[in-house]
Participant: 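Here it is, the structure, as structure tokens.
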Amino acid sequence: MFNKRKRIKEVLGSEITNHTITVMGWVRTFRNNQFIALNDGSTNANLQIVLTLGQFDDALLKRITTGAALKISGEIVSSLGKGQKIELKADSVEVLGDSDAEKFPLQPKKHSLEFLREIAHLRFRTNTFGSVFRIRHSLAFAIHQFFHDKGFVYLHSPIITASDAEGAGEMFHVTAMDLENPEKNEDGTINYKEDFFGKPTNLTVSGQLEAELAAMSLGDVYTFGPTFRAENSNTARHLAEFWMIEPEMAFSDLEDDMNIAEEFIKYIIKYALDHNRDDLDFLAARLVEEEKQKPQQERSEMGLIEKLEFVINNDFERLTYTEAIEILKASTLNKKKKFQYLIDQWGVDLQSEHERYLVEKHFKKPVILINYPKEIKSFYMRQNDDGKTVAAMDILAPGIGEIVGGSQREERLDVLEKRMKEMKIPADELYWYLDTRKFGTAPHAGFGLGFERLILFVTGMTNIRDVIPFPRFPKNAEF
Ligand code: 4AD
Ligand code: MG
């Protein structure tokens, strides 16, 4: 019987003494043949297990090593030692799984995140990753809660598609063909008619187009699933496989879109503060230590908790792309040519250095930029009356840069078709998308939030590879 086990979080939370329980977990440390620090993943706090000297034979004691899995029954008693209120006085100890202390890669000391990334199959056993993944779970739960409470329908958009939602061409092909010997046409090109789906397919880059179809009937929907981008970006903010939340709302415009996105981000952060305080406190302390390695001027002005509270208590700054360009142009960084990409004219795409300048140096809070030039945005965004810009919005967060990308969608069939032609988006393949504009079209809007970037923001972690269990990035698909 394994389900009789009590979780350590529950045990430490109750403080009721003099009753017998069973716990199971992994040894973090074992001191003086007497004190085991046991962790079961329910919290970073370990339960102290006390072995009475002489009660257990040497052969068993030798097997209590860092990393070993144990089942322990005994009595919860008040602790005499410092550091804990209660401890478990062991009556029986069973080794469920040995761990060779010489070979176990996680020693009871601090390991670098880079090293832990190489042993991602074991890094769950550290406090940092325990906290990160408990928070990741909690945020996923909060996302469903938020939309469910608002009457949204959770839509499962397909993982395999034949369309490129963003029109950016950064896709992983999906095929069942023998790559060594694919079916060919007479002219030597690949004959996809013979492939599994009878046409070229890829892993989805976004569930948006499908979400739009559903929103045109169900009203408010959201997707929350993995998306894939074959962009060769080796940065601390890009993954080849990342999770995205994409709400899509019928009868909504850009302002509604911004309002719900801001409310959503604040809700999620507050949820974490209310439900994951111990893990956040741990990560806040970790961040303070990490920041000590940095030069003074690069350290954040606020601690993690303070930053999260600041974000929920202040309005995001809203401004147009055009206003942002003016600010950037006038900045000393631009004038002294300190930006890698100088801002010389209206129309240029903003790089992460510019986004971070606006958020971290200029406004010192999250920023929503709207009305971008149509040339640097996707075909489906609604064109503004100026003929130059589209009703797009990006939310930029301190330390992260772009966290949300969204827009009001082009609901006017003629305008959409014209734009697709200009951008060489194949209208015949997207007939189903255009159909929604033919039969009861309606103003609608939506956005995509990168789940891992949100987790980075909430946890204060700095590399996106450390907030997803098994990161996929160029030249890496280990585990
Ligand atoms: O700005 P993006 O490309 O927008 C879309 O995909 C739209 N279809 C969303 C919509 O309107 N429904 O991506 C949205 C967000 C970005 O703001 C970023 O947070 C995240 O997805 N993102 C990535 N996260 C990790 N790794 C990558 N390679 C990412 N690319 C985008
Ligand atoms: Mg974007």
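As the structure lists them, so they are numbered: ligands from 1, and atoms in each ligand from 1.
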Participant: Going by the atom numbers of ligand 1, which of them fall below 4.0 Å from some non-hydrogen atom of Y380?
Facilitator: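 The atoms of ligand 1 under 4.0 Å from a heavy atom of Y380 are 7 (C), 8 (N).
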Participant: Less than 4.0 angstrom from a charged side-chain N to a carboxylate O is my criterion; do K307 and E301 meet it?
Facilitator: no
Participant: Just let me know how M381 lines up against ligand 1, side chain, backbone, both or neither, with a heavy-atom cut-off below 4.0 Å.
Facilitator: neither
Participant: Charged N to carboxylate O under 4.0 angstrom, D414 versus K418?
Facilitator: no
Participant: Flag the pair K364 and E360 as a salt bridge only when some basic side-chain nitrogen lies within less than 4.0 angstrom of an acidic carboxylate oxygen.
Facilitator: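 Result for this pair is no, no salt bridge flagged.
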Participant: Numbering the atoms of ligand 1 from 1, which are under 4.0 Å from a heavy atom of V404?
Facilitator: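 In order of numbering, the contacting atoms are 17 (O).
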Participant: I need the contact type for E231 against ligand 1. Using non-hydrogen atoms and a strict under-4.0 Å cut-off, is it side chain, backbone, both or neither?
Facilitator: side chain
Participant: Just which atoms of ligand 1 are under 4.0 Å from any heavy atom in E246?
Facilitator: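 Numbered from 1, ligand 1 contributes 7 (C), 8 (N), 9 (C), 10 (C), 12 (N).
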Participant: Using a strict cut-off of less than 4.0 Å between a Lys/Arg side-chain nitrogen and an Asp/Glu carboxylate oxygen, indicate whether E170 and R229 qualify as a salt bridge.
Facilitator: no
Participant: Parallel, tilted or perpendicular: which fits the ring planes of F451 and F224, with parallel below 30° and perpendicular above 60°?
Facilitator: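 Perpendicular, since the angle between the ring planes exceeds 60°.
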Participant: Distance-only, no hydrogens or angles: does the R117 side chain make a donor-acceptor pair with backbone N or O of S112 under 3.5 Å?
Facilitator: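 Absent.
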Participant: Quick check on E452 - does any of its heavy atoms sit under 4.0 Å from an atom of ligand 1?
Facilitator: no
Participant: Going by an N to O cut-off under 4.0 Å, is there a salt bridge joining D278 and R134?
Facilitator: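 Salt bridge flag = no for R134 with D278.
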Participant: Indicate yes or no: does an N/O atom of F242 lie under 3.5 Å from an N/O atom of ligand 1?
Facilitator: no
Participant: In ligand 1, which numbered atoms sit nearer than 4.0 Å to a non-hydrogen atom of G450?
Facilitator: 15 (C), 19 (O), 20 (C), 21 (O)
Participant: Can a donor-acceptor pair be found, under 3.5 Å and without considering hydrogens, that links the side chain of S331 to the backbone of L328?
Facilitator: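 Here the side-chain-to-backbone pair exists.
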Participant: May I ask you to identify the nearest protein heavy atom to atom 4 (O) of ligand 1, giving residue, atom name and distance to one decimal place in Å?
Facilitator: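 Looking at atom 4 (O) of ligand 1, the protein heavy atom closest to it is E166 OE1, 4.0 Å.
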Participant: Salt bridge or not between K421 and E417? Use side-chain N to carboxylate O under 4.0 Å.
Facilitator: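 Salt bridge flag = no for E417 with K421.
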Participant: Hey, which of D466, T128, V132 is the one that makes side chain to side chain contact (heavy atoms under 4.5 Å, CB included) with R123?
Facilitator: D466
Participant: Just checking: D394, one of its N/O/S atoms, less than 2.8 Å away from the Mg ion (ligand 2), yes or no?
Facilitator: no
Participant: At what distance is the nearest protein heavy atom to atom 26 (N) of ligand 1, and which residue and atom is it?
Facilitator: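 Here the nearest protein heavy atom works out to L239 N, 2.9 Å.
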Participant: Under a 4.0 angstrom heavy-atom cut-off, which atoms of ligand 1 come close to G406?
Facilitator: 11 (O)
Participant: Identify the closest protein heavy atom to atom 1 (O) of ligand 1: which residue and atom is it, and at what distance?
Facilitator: E402 OE2, 3.0 Å
Participant: Is there at least one pair of N or O atoms, one from I464 and one from ligand 1, spaced under 3.5 Å apart?
Facilitator: no
Participant: Which of the atoms of ligand 1 are close to G405, meaning less than 4.0 Å from one of its heavy atoms?
Facilitator: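 Checking each atom against G405, I get 1 (O), 9 (C), 10 (C), 11 (O), 17 (O).
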Participant: Specify the protein heavy atom at minimum distance from atom 19 (O) of ligand 1: its residue, its atom name, and the distance to 0.1 Å.
Facilitator: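 The protein heavy atom lying closest is I403 O, 2.8 Å.
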Participant: Between D253 (side chain only) and D257 (backbone N and O only), is there a donor and an acceptor less than 3.5 Å apart?
Facilitator: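 The answer is no, because no donor-acceptor pair under 3.5 Å joins these two groups.
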Participant: If you look at E402, which of its N/O/S atoms is nearest to the Mg ion (ligand 2)?
Facilitator: OE2
Participant: Considering heavy atoms of the protein only, find what lies nearest to atom 15 (C) of ligand 1 and give residue, atom and distance to 0.1 Å.
Facilitator: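 Checking every protein heavy atom, the shortest distance to atom 15 (C) of ligand 1 gives G448 O, 3.6 Å.
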Participant: Salt-bridged, K292 to E289, with N to O below 4.0 Å?
Facilitator: yes
Participant: Under 3.5 Å between some N or O of ligand 1 and some N or O of S407?
Facilitator: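 No, there is no polar N/O contact under 3.5 Å.
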Participant: Which bit of F447 gets closer than 4.0 Å to ligand 1, counting heavy atoms only: side chain, backbone, both or neither?
Facilitator: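 It is the backbone that touches ligand 1; the side chain stays farther off.
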Participant: Using a 4.0 Å heavy-atom cut-off, say whether F228 meets ligand 1 through its side chain, its backbone, both or neither.
Facilitator: neither
Participant: Strictly distance-based, threshold 3.5 Å: is any side-chain N or O of H148 a donor or acceptor partner for the main-chain N or O of H144?
Facilitator: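 No, because the side chain of H148 does not come within donor-acceptor range (under 3.5 Å) of the backbone of H144.
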Participant: For the pair E429 and K199, find out whether any cationic side-chain nitrogen is under 4.0 Å from an anionic carboxylate oxygen.
Facilitator: no
Participant: Using heavy-atom distances, let me know which of E248, R229, Q208, E170 sits nearest atom 6 (O) of ligand 1.
Facilitator: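 Shortest heavy-atom distance from atom 6 (O) of ligand 1: R229.
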Participant: Under 4.0 Å from a heavy atom of R237: give me the atoms of ligand 1 that qualify, with their elements.
Facilitator: 25 (C), 26 (N)
Participant: Consider every N or O of H238 and every N or O of ligand 1, then say whether any pair is closer than 3.5 Å.
Facilitator: no
Participant: Is E212 salt-bridged to R437, cutoff N-O under 4.0 Å?
Facilitator: yes
Participant: Heavy atoms only: which of M244, R453, R409 is nearest to atom 13 (O) of ligand 1?
Facilitator: M244
Participant: Select one of side chain, backbone, both or neither to describe which atoms of D394 lie under 4.0 Å from any atom of ligand 1, heavy atoms only.
Facilitator: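 Contact part for D394 vs ligand 1: neither.
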